[in-house]
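Please read the structure below before turning to the comments.
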Amino acid sequence: MLTSFPQLARWGRALAALAGLTLVSGCDFNFWRMDGHQSTIVVEGPVAREQLHVFYVTCWVSLVIFVIVASVLAYATFKFKARSESDEHAEPPPQSHGNPLVELGLIGASVLALVVIAVPTLKAIWSTYDVPEAERKEAFVVNGIGYQWWFKFEYPGELVPINDQGAKAPLVTGNELVIPVGRPVRINLRTVDVIHSFWLPKLAGKVDMVPNRANHLYLKAEKAGYYWGQCAEYCGDSHAVMRFRVVALEAKEFAEWLEQQSSLARTVAPRADEANRPVAQFAALRQFKQNEAGITEKFDVNPLEAWRAKQLPEKNEDSRLIAQGRELFKTKACIGCHTVRGHEGMGVTAPDLTHFGSRSTLAAGLIENNTEQVRRWIRDPGAVKPGNKMALAYARVERDGKAVDGIKLTTEEEVALAAYLESLK
Ligand code: CUA
């Protein structure tokens, strides 16, 4: 029983703390507006809106049932409670076997509640399952493929050169999906290893990527924007940091992006006037705490603008450093897993890096793509995304009874590799 004063005081304090917390978070995190990066309440596309509608219908029906049941319960509790010592020991009232009118009424009400929920639910299942028949022709098709722990996006309709002899393959990007605004997009969902789940709350719901099963999802973005998504099915060590981004662009900008992505990797030739540039001294990379966020405030204010800024080559590129980085990319085993179309790498087990410099994030959408974070990643990938395959190449291993060192990079090598990767626009 909640009657003792200390107990009441404790509850009072807990309530006050809760009220304080909501006030504070209301100011800082827009708690009440519920419009966070992965909000399912503030949506920006017809598919997500239809799903939200079903959620609201279910909520309202449940609320009505809750109010009725709670009121009847409260009424019965107060009306029939024992009011004196003699009430406590009184004979129970005559027992009956229910009231046919009430029982039929309750069955009828339950059926009605289910029908009210079922009609919009079935309608939504039908209409959000795939691109509507009338819009199939203009649908944009993409393949989304889950890997432990990143997303590959493939554009089967966009054949791009993979070398300078004219061989072609579908355009591939990693962790950032760029789509056209206003057009239905059909994403074929696949996985190369375990079950993942593709979840993009502001534009569409969630569909699993299941081995040996051809799943798909359909969505449409209503306006240009930058959207957050993530894997929503436990898939191993770094499941919680397996994220992705979606950038929706107007037709013209989208066409420009496609054209830019279709080219082979950008080559920065060592410039003659830089031959005598003094060798720069590089500051050591600062220490990062475990799980430290890697996104700057500036980036988060307007991520779409931040993404656009990444499409252009950086000012003050150091051409010698970039050439040195390209050489390291070859000799430090990066080429075994990564592809850079037109340059050396042809690996297929890790993200395609042909236009890495034009992405806004790296490490499965986890950290911002800037020199500091790229250095942080290539210095110790296992500290950013535990258990990932790249980290294995850094580990000291036993081979023929001898301990062999994994990849080791000096500060200068780190900077050179980062400069090369950032130059890949
Ligand atoms: Cu992939 Cu969780």
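Numbers here simply count residues along the sequence, with the first being 1. Read the numbers this way: they start at 1 and go in the same order the structure lists the ligands and their atoms. Computed over heavy atoms, backbone and side chain alike; hydrogens, waters and symmetry mates excluded.
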**Q.** CA sep, side-chain torsions, deciding dist, call: E414, L285, side chain to side chain contact (heavy atoms under 4.5 Å, CB included)
**A.** CA-CA 9 Å; E414 242 170 52; L285 186 64; 4.1 Å; yes
Q | Criterion side chain to side chain contact (heavy atoms under 4.5 Å, CB included) on R33 and V42, from CA distance to verdict | A | CA-CA 8 Å; R33 283 197 284 147; V42 180; over 6 Å; no
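From E327, atom CD reaches atom CD of Q324 across 9.5 Å, with rounding to the nearest 0.5 Å. Atoms NZ and CG, from K168 and N163 in turn, are 11.0 Å apart once rounded to the nearest 0.5 Å.
The shortest side-chain heavy-atom distance between F356 and L362 falls under the 4.5 Å cut-off.
Side-chain atoms of T371 and E422 include no donor-acceptor pair closer than 3.5 Å.
Ordered by chain and number, H196 ND1, C231 SG, C235 SG, M242 SD make up the set of protein N, O or S atoms under 2.8 Å of atom 1 (Cu) of ligand 1.
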